[in-house]
Amino acid sequence: MKEEIGKIFRGEILDDETTLKTYSRDASLFEVRPKLVAFPRDSEDLKNLVKWTKENPGHSVTVRAAGSDMTGGPLGESIIADVTKYMNKMGEIPEHRGLTSVLVEPGMFYREFERKTLEKGLILPCFPASKNLCALGGMFGNNCAGEKSLRYGKMENFILETKVIFSDGNEYTIRPLYRTELDTKMAQGDFEGNVYKKLFGLIENNKEIIAQAKPRVSKNSAGYYLWNVLSRALDTFDLNKLLVGSQGTLGIVTEMKLKLVPIKKHHDLVTIFFKSWEELPQVVNAVLPLDPESLETFDKDTLKLGIHFMPEIAKKSGSNLLSFALKFLPEALIGIEMRGLPKLVVLVEISENTEEEVKNKVQNVVKAIKPFNIWSRVVKKDSEEEKFWVMRRESFNLLRQHVKEKRAAPFIDDFCISPDKVPEFLPRILKILRENSIEANIAGHAGNGNFHIIPLMDLRRETERAKIPVVADKFYDLVAEYKGTITAEHNDGIVRTPYLGKMYSPEILELFKKTKEIFDPLNIFNPGKKVEGTLEYLESHIIIE
Ligand SMILES: Cc1cc2nc3c(=O)[nH]c(=O)nc-3n(C[C@H](O)[C@H](O)[C@H](O)COP(=O)(O)OP(=O)(O)OC[C@H]3O[C@@H](n4cnc5c(N)ncnc54)[C@H](O)[C@@H]3O)c2cc1C
């Protein structure tokens with residue numbers, strides 16, 4: 001296989017033990033061993049790889065960017081194509097007034113991309129908490145979101161145009177098409193034309209059930225977003241609205257034209273400390289109309305984790321331990337007043353173009369939260385703000401790297417419901433965790449009602465592993481009861497594809513299958529994700545270490 005592919009592929013192809021082991025893992029609970037790992041030099045290589053796979057039954061291609069996925073999305077049993085080694089270039093950012101765009105390849109790491117955009121005073125504001133780990137292709141594949149998504153939305157809002165390799169092995173430009181352009185495309189009679197024709201037919205013939213199925217939450221990464229492709233308001237048909245978040249199951253993105261926004265020049269952070277979860281929705285409701293850029297939260301256990309791993313956090317925020325620890329003095333004093341650690345910390349970031357606007361908005365936030373039984377503090381210096389953001393962003397990473405004997409087990413890690421239902425919902429899920437003797441950390445995007453629950457488990461023990469499907473089943477039933485989504489950001493992968501039926505009807509699941517068949521009739525792109533993922537597969541690929 002390696003020799004055969006080597007004849008049509010110019011990049012490296014590796015199948016040594018170390019490489020296969022490395023690529024058997026991402027940041028999820030799973031281990032899946034591939035047959036080989038290919039590092040394409042360019043889209044020609046990828047096209048040839050796809051053509052080879054199409055002509056050799058039994059093989060598949062799973063595209064991988066930085067591999068920080070928490071769902072098993074970039075894991076596969078056949079060929080892994082890692083785009084970070086060579087397909088990592090970025091175009092010039094044009095001089096701009098206001099919004100602008102940039103071309104980027106999928107293998108570019110976000111941290112490098114951000115360094116370049118910030119030089120121009122611009123940002124791609126949907127970056128995830130894993131911004132120091134991930135790459136642009138995976139951000140597309142998962143339709144990522146993060147701390148600024150409250151104001152700016154998810155990755156899907158920033159895609160202007162892409163180049164995508166379809167399962168026929170050819171590369172196509174994907175952009176919104178007006179009706180006449182769509183008609184021309186559908187009349188082509190080739191693979192691309194048929195994709196448009198069949199998908200348009202599927203969407204038109206099922207418009208009512210598709211519209212009903214659209215999750216009524218502020219963010220969603222579950223399933224195929226059939227409801228977003230045809231915009232009746234704009235009279236456009238945009239395949240990118242479906243390809244984004246499809247985890248490389250419909251096509252491989254080789255280039256993206258992304259919209260960038262100017263960074264706000266001034267910002268302050270209001271930190272709020274809660275004794276209980278109960279008042280969270282009222283505080284969120286009081287703060288949301290004041291247009292914060294972020295409204296994030298983390299729980300007492302995450303805070304404890306931050307305190308425990310303070311040296312590491314100090315390093316990540318570029319300070320020495322002593323000066324970093326001293327920065328917590330005001331919070332320590334609040335802790336004394338509160339008689340202990342807060343149960344919950346909420347971060348409200350106010351960002352605007354002038355100092356005056358920030359000052360006014362911060363005053364409004366402070367006034368709005370005054371009636372509640374909480375403690376708060378306005379943090380003005382970047383260096384002091386950073387400690388909270390590092391703690392918020394790094395909590396899961398610290399758990400992954402440092403917890404002894406147990407490991408972070410993300411399987412109920414990304415629900416999103418209406419924010420006002422969170423205090424009712426959380427005790428119910430915490431009860432399920434308690435009944436199953438599972439400890440967990442919680443952090444999330446309070447403004448969106450999107451929370452990350454990360455259990456800590458000893459997966460060497462069969463009894464612990466056996467809890468995963470039991471708890472997941474109850475958890476996703478509960479999310480369905482609250483009409484939420486089972487994943488707002490992290491996506492489906494191995495961990496959630498079997499549970500898509502908890503939030504979507506059998507008719508919609510059937511349309512997902514048909515969508516996959518339209519794009520990938522031979523099932524060569526990342527099989528088992530989004531459609532046809534089973535509980536048996538999930539259970540039999542959990543890491544045992
Ligand atoms: C500590 C931590 C925190 C996280 N926080 C967040 C968060 O706040 N928000 C969030 O959304 N996610 C979060 N994640 C999950 C993950 O990091 C992000 O979704 C990230 O965008 C994935 O990028 P990646 O480059 O690592 O992708 P990968 O893991 O390599 O791939 C992700 C998916 O995209 C597909 N893909 C990759 N490249 C392409 C391509 N060229 N074309 C088509 N599909 C492709 C893959 O097949 C896979 O299914 C977090 C993960 C960790 C470990």
Side-chain angles (χ1 to χ4, degrees), residues 23 25-28 40 43 46 50 60-76 80-84 87-88 104-111 113 124 126-149 154-156 159 162-166 171 174 219-221 240 243-256 294 296 390 392-401 408 410 413-414 416 441 443-445 448 450-452 454 487-495 497 519 525-530:
Y23 284 83
R25 298 263 180 110
D26 55 2
S28 74
S43 58
L46 269 175
V50 172
S60 62
V61 184
T62 296
V63 61
R64 176 172 174 125
S68 70
D69 187 294
M70 291 165 71
T71 72
L75 305 183
I80 305 291
D82 179 343
V83 289
T84 56
M87 297 181 68
N88 53 20
V104 64
E105 289 183 331
M108 183 163 206
F109 282 93
Y110 177 79
R111 54 184 183 263
F113 178 82
L124 178 66
C126 55
F127 62 81
S130 51
K131 65 189 250 180
N132 289 322
L133 307 173
C134 68
L136 273 300
M139 292 167 68
F140 180 95
N142 280 349
N143 191 13
C144 74
E147 67 208 33
K148 292 191 194 299
S149 292
K154 284 162 66 90
M155 185 74 174
E156 61 196 0
I159 295 151
T162 56
K163 287 199 176 128
V164 180
I165 298 173
F166 282 177
E171 186 179 47
I174 311 288
K219 299 191 291 185
N220 172 51
S221 272
N240 279 322
L243 292 166
V244 65
S246 64
Q247 294 203 300
T249 60
L250 302 179
I252 298 179
V253 179
T254 53
E255 186 181 275
M256 288 167 258
S294 306
E296 300 280 298
V390 175
R392 166 67 189 88
R393 290 180 200 133
E394 290 293 325
S395 51
F396 173 57
N397 219 14
L398 288 171
L399 282 175
R400 280 174 70 211
Q401 290 164 354
D413 48 293
D414 194 25
C416 183
N441 281 47
H445 315 281
N448 292 103
N450 171 208
F451 286 82
H452 306 307
I454 311 288
T487 174
E489 307 180 325
H490 299 171
N491 222 299
D492 298 320
I494 298 171
V495 77
T497 296
F519 281 85
F525 285 145
N526 206 8
K529 327 287 158 45
K530 296 281 175 186

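Counting begins at 1 with the first residue of the sequence. Just so you know, ligand 1 is whichever comes first in the structure, and atom 1 is the first atom listed for that ligand.
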Considering only protein heavy atoms, which is closest to [atom], and at what distance to one decimal place?
atom                    : result
atom 31 (O) of ligand 1 : G138 CA, 3.9 Å
atom 28 (P) of ligand 1 : G67 N, 3.5 Å
atom 1 (C) of ligand 1  : F396 CD2, 3.3 Å
atom 45 (C) of ligand 1 : V63 CG1, 3.4 Å
atom 14 (N) of ligand 1 : S130 OG, 3.6 Å
atom 41 (N) of ligand 1 : V253 O, 3.0 Å
atom 33 (C) of ligand 1 : N142 OD1, 3.5 Å
atom 20 (C) of ligand 1 : C134 CB, 3.7 Å

Taking distance alone, with no angle check, do [X] and ligand 1 share an N/O pair under 3.5 Å?
X    : result
D69  : yes
A145 : yes
R393 : no

Determine, stepwise, if the pair T71 / Q247 fulfils side-chain hydrogen bond (donor to acceptor under 3.5 Å, both in side chains).
-> CA-CA 10 Å; T71 72; Q247 294 203 300; 3.3 Å; yes
Note: heavy atom closest to atom 35 (C) of ligand 1, options G141, S68, S221, belongs to G141
Heavy atoms only: which of A81, A488, A129, A408 is nearest to atom 8 (O) of ligand 1?
-> A129
Could you tell me, atom by atom, which parts of ligand 1 come under 4.0 Å of a heavy atom of [X]?
X    : answer
C144 : 11 (O), 21 (O)
G73  : 47 (O), 48 (C), 49 (O)
P106 : 41 (N)
M139 : 21 (O), 23 (O)
A135 : 23 (O), 24 (P), 25 (O)
G137 : 36 (N), 37 (C), 38 (N), 39 (C), 45 (C)
M70  : 14 (N), 50 (C), 51 (C), 52 (C)
R64  : 30 (O)

Non-hydrogen atom of [X] closer than 4.0 Å to ligand 1:
X    : value
G251 : yes
N526 : yes
V83  : no

Would you tell me whether N143 and K219 have side-chain atoms, one donor and one acceptor, within less than 3.5 Å of each other?
-> no
Do we see a donor-acceptor contact under 3.5 Å between the side chains of D69 and N142?
-> yes
Return the orientation label for the H490 and H452 ring planes: parallel under 30°, perpendicular over 60°, tilted otherwise.
-> parallel
Taking K530 for its side chain and G245 for its backbone only, find out whether a donor-acceptor pair lies under 3.5 Å.
-> yes
Keeping the roles fixed (side chain from D26, backbone from M70), state whether a donor-acceptor pair exists under 3.5 Å.
-> no
Which heavy atom in [X] sits nearest to a heavy atom in [Y], and how many Å separate them?
X    : Y    : answer
F140 : L243 : CE2-O, 3.4 Å
L133 : A66  : O-CB, 3.0 Å
N526 : G73  : ND2-O, 2.8 Å

For E171 and E255, run side-chain contact (heavy atoms from CB on, under 4.5 Å): C-alpha distance rounded to whole Å, both residues' side-chain angles, the deciding distance at 0.1 Å, then the answer.
-> CA-CA 10 Å; E171 186 179 47; E255 186 181 275; 5.8 Å; no
Take M155 and M256, measure what side-chain contact (heavy atoms from CB on, under 4.5 Å) needs, and give me the verdict at the end.
-> CA-CA 11 Å; M155 185 74 174; M256 288 167 258; 4.1 Å; yes
So how far is it from I252 CD1 to I165 CD1, rounded to the nearest 0.5 Å?
-> 5.5 Å
Please round to the nearest 0.5 Å and tell me the distance separating atom CG of L75 and atom OG1 of T62.
-> 8.0 Å
Starting from the C-alpha separation in whole Å, work towards a yes-or-no answer on side-chain contact (heavy atoms from CB on, under 4.5 Å) for V83 and N88.
-> CA-CA 7 Å; V83 289; N88 53 20; over 6 Å; no
